[in-house]
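Accompanying notes for the structure given below.
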Amino acid sequence: DREVRDPSLLPTTRAYYEPAVRLSRAIVERKSVEYDRIGNELVLPALLIDLQSAFEDYLLAVLRARLTRVHPGLAVVTGNLFEPIGGGKALFDNGSKVPAQPDIVFRIGTGDGRFQLVGEVKYIDRDFSRDHINQALAYAVSYRTPVVLIRPKLGGEAAGLTVLGVVAGVTAYRYLIDLNADLEEAEDLFAAAMRSLLILTSEAAA
């Protein structure tokens with residue numbers, strides 16, 4: 001229909017249909033929206049994005065896409081959901097029912113040694129605070145794994161994996177991902193760094 005192809009041809013008495021027709025066409029044609037460019041094809045309401053949640057979901061999707069095939073039993077899950085769907089669990093072995101819910105949990109199998117690594121994601125424009133580190137260490141002790149704190153790289157910093165420190169046999173890592181670089185390359189480097197921290201053996205799946 002020519003009025004669907006060019007909604008500006010709609011009669012003035014039906015002009016209020018034009019935004020809906022343009023949006024419907026974009027959906028049917030599976031078009032996307034670029035937020036960093038100005039255009040006049042679509043008029044959309046204001047949109048608020050929770051960048052912390054979006055960043056967590058993005059990194060989780062990257063790891064799932066690149067790592068779940070490297071070992072038949074490896075699962076990369078969110079700690080916001082409890083087992084068996086997610087990786088959340090009780091913080092303490094017994095006593096108070098305080099939940100432990102790291103942002104990312106690497107798990108192989110279902111045995112006592114199933115947890116491989118936990119990650120805490122922070123979408124911040126500064127270094128990790130003492131509270132961030134304390135929270136990450138609590139999760140590491142509870143899961144009996146290393147922990148990695150992840151945030152975007154700031155200007156002048158080097159992207160990649162470094163050791164924050166070791167306490168009582170628990171290693172805390174820091175990973176800075178460069179969101180201004182080629183994203184596919186940055187994602188590959190991030191996934192490779194996380195894989196280097198996993199014990200991908202047949203024994204781990206038992």
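Throughout, residue positions are numbered sequentially from 1 according to the sequence presented.
- Grouping the Ile, Leu, Val, Met, Phe, Trp and Tyr side chains by contacts below 4.5 angstrom, directly or via other members, places Ile124 apart from Leu51.
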* In sequence, state the C-alpha distance, the side-chain angles, and the governing distance for Phe106 and Phe115, and then conclude on ring-ring contact (aromatic ring centres under 6.0 Å, His included). => CA-CA 6 Å; Phe106 297 81; Phe115 299 118; over 10 Å; no
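- Closest of all the heavy-atom pairs between Arg5 and Arg25 is O-NH1, 2.5 Å.
- Other residues, nucleotides and ligands contribute over 12 non-hydrogen atoms within 6.0 Å of the CD1 atom of Ile49.
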* To do: Would you check, one step at a time, whether the test side chain to side chain contact (heavy atoms under 4.5 Å, CB included) holds for Arg69 with Arg64?
  => CA-CA 8 Å; Arg69 297 177 185 175; Arg64 284 174 172 165; over 6 Å; no
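- Here the shortest heavy-atom pairing between Gln52 and Val121 reads NE2-O, 2.8 Å.
- Put simply, the side chain of Ser129 does not reach to within 4.5 Å of the side chain of Asn134, judged on heavy atoms.
- Scanning both residues, Leu63 and Ala191, for their nearest heavy atoms gives CD2-CA, 4.0 Å.
- A distance-only check finds no donor-acceptor pair linking the side chain of Gln116 to the backbone of Thr145 [under 3.5 Å].
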* **Derivation of the side chain to side chain contact (heavy atoms under 4.5 Å, CB included) call for Leu189 and Tyr175** => CA-CA 10 Å; Leu189 292 172; Tyr175 192 89; 3.8 Å; yes
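- Within the 3.5 Å criterion, the main-chain N or O of Leu67 finds no donor-acceptor partner in the side chain of Arg195.
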Without placing hydrogens or testing angles, list every side-chain donor-acceptor pair under 3.5 Å for residues 167-174, not counting sequence neighbours.
residue, atom, partner, partner atom, Å
Arg174, NH1, Asp127, OD1, 3.4
Arg174, NH1, Asp127, OD2, 3.2

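- By the 6.0 Å contact criterion, OH on Tyr17 is open, its count of non-hydrogen atoms from other residues, nucleotides or ligands being 12 or less.
- A donor-acceptor pair under 3.5 Å is formed between the side chain of Glu120 and the backbone N or O of Asp103.
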* **Intermediate values then yes/no, salt bridge (charged side-chain N to carboxylate O under 4.0 Å, His left out), Asp93 and Arg144** => CA-CA 11 Å; Asp93 294 337; Arg144 294 166 174 80; 2.6 Å; yes
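- A cation-pi arrangement is not found for Lys122 relative to Phe128, the charged atom failing to lie both closer than 6.0 Å to the ring centre and inside a 45° cone about the ring normal.
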* Going through the distances and angles, do Leu117 and Leu198 end up as a side chain to side chain contact (heavy atoms under 4.5 Å, CB included)? -> CA-CA 7 Å; Leu117 177 70; Leu198 304 178; 3.9 Å; yes
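- When side chains are defined from C-beta on, Ile150 does not count as touching Leu176, because their heavy atoms never get closer than 4.5 Å.
- Follow the hydrophobic side-chain contacts under 4.5 Å out from Leu60 and you never reach Leu81; the two are in separate clusters.
- Dense packing is recorded around CD of Glu29, with more than 12 heavy atoms of other residues, nucleotides or ligands lying under 6.0 Å away.
- Taking the side chain as every heavy atom from C-beta outward, Glu3 and Pro11 approach each other to under 4.5 Å.
- Two residues are said to be in side-chain contact when any heavy atoms from C-beta on lie closer than 4.5 Å; Pro146 and Leu197 fail this criterion.
- By the criterion of side-chain heavy atoms lying less than 4.5 angstrom apart, applied directly or through intervening Ile, Leu, Val, Met, Phe, Trp or Tyr residues, Ile177 is not grouped with Leu154; the two fall into different hydrophobic clusters.
- One side chain, Asn80 or Thr78, offers a donor N or O that lies under 3.5 Å from an acceptor on the other.
- Listed by chain and number, the residues in a side chain to side chain contact (heavy atoms under 4.5 Å, CB included) with Asn94 amount to none (sequence neighbours excluded).
- Val76 and Tyr143 fall into different hydrophobic clusters, where Ile, Leu, Val, Met, Phe, Trp and Tyr side chains are chained together by heavy-atom contacts under 4.5 Å.
- Comment: Arg66 engages Glu187 in a salt bridge, judged by a side-chain N to carboxylate O separation of less than 4.0 angstrom.
- No donor-acceptor pair closer than 3.5 Å links the side chain of Arg107 to the backbone N or O of Val77.
- In this structure the side chain of Glu83 reaches within 4.5 angstrom of the side chain of Arg114, judged on heavy atoms.
- When side chains are defined from C-beta on, Tyr16 does not count as touching Glu18, because their heavy atoms never get closer than 4.5 Å.
- Other residues, nucleotides and ligands contribute only 12 or fewer heavy atoms inside 6.0 Å of the OH atom of Tyr123.
- Counting heavy atoms from C-beta outward, Leu10 and Pro7 have side chains that approach closer than 4.5 Å.
- Note on Leu91: it clusters hydrophobically with Val118, by side-chain heavy-atom contacts below 4.5 Å among ILVMFWY residues.
- No donor-acceptor pair under 3.5 Å is formed between the side chain of Gln135 and the backbone N or O of His132.
- For Ser142 (side chain) and Tyr139 (main-chain N/O), no donor-acceptor pair under 3.5 Å exists by modelled atom type.
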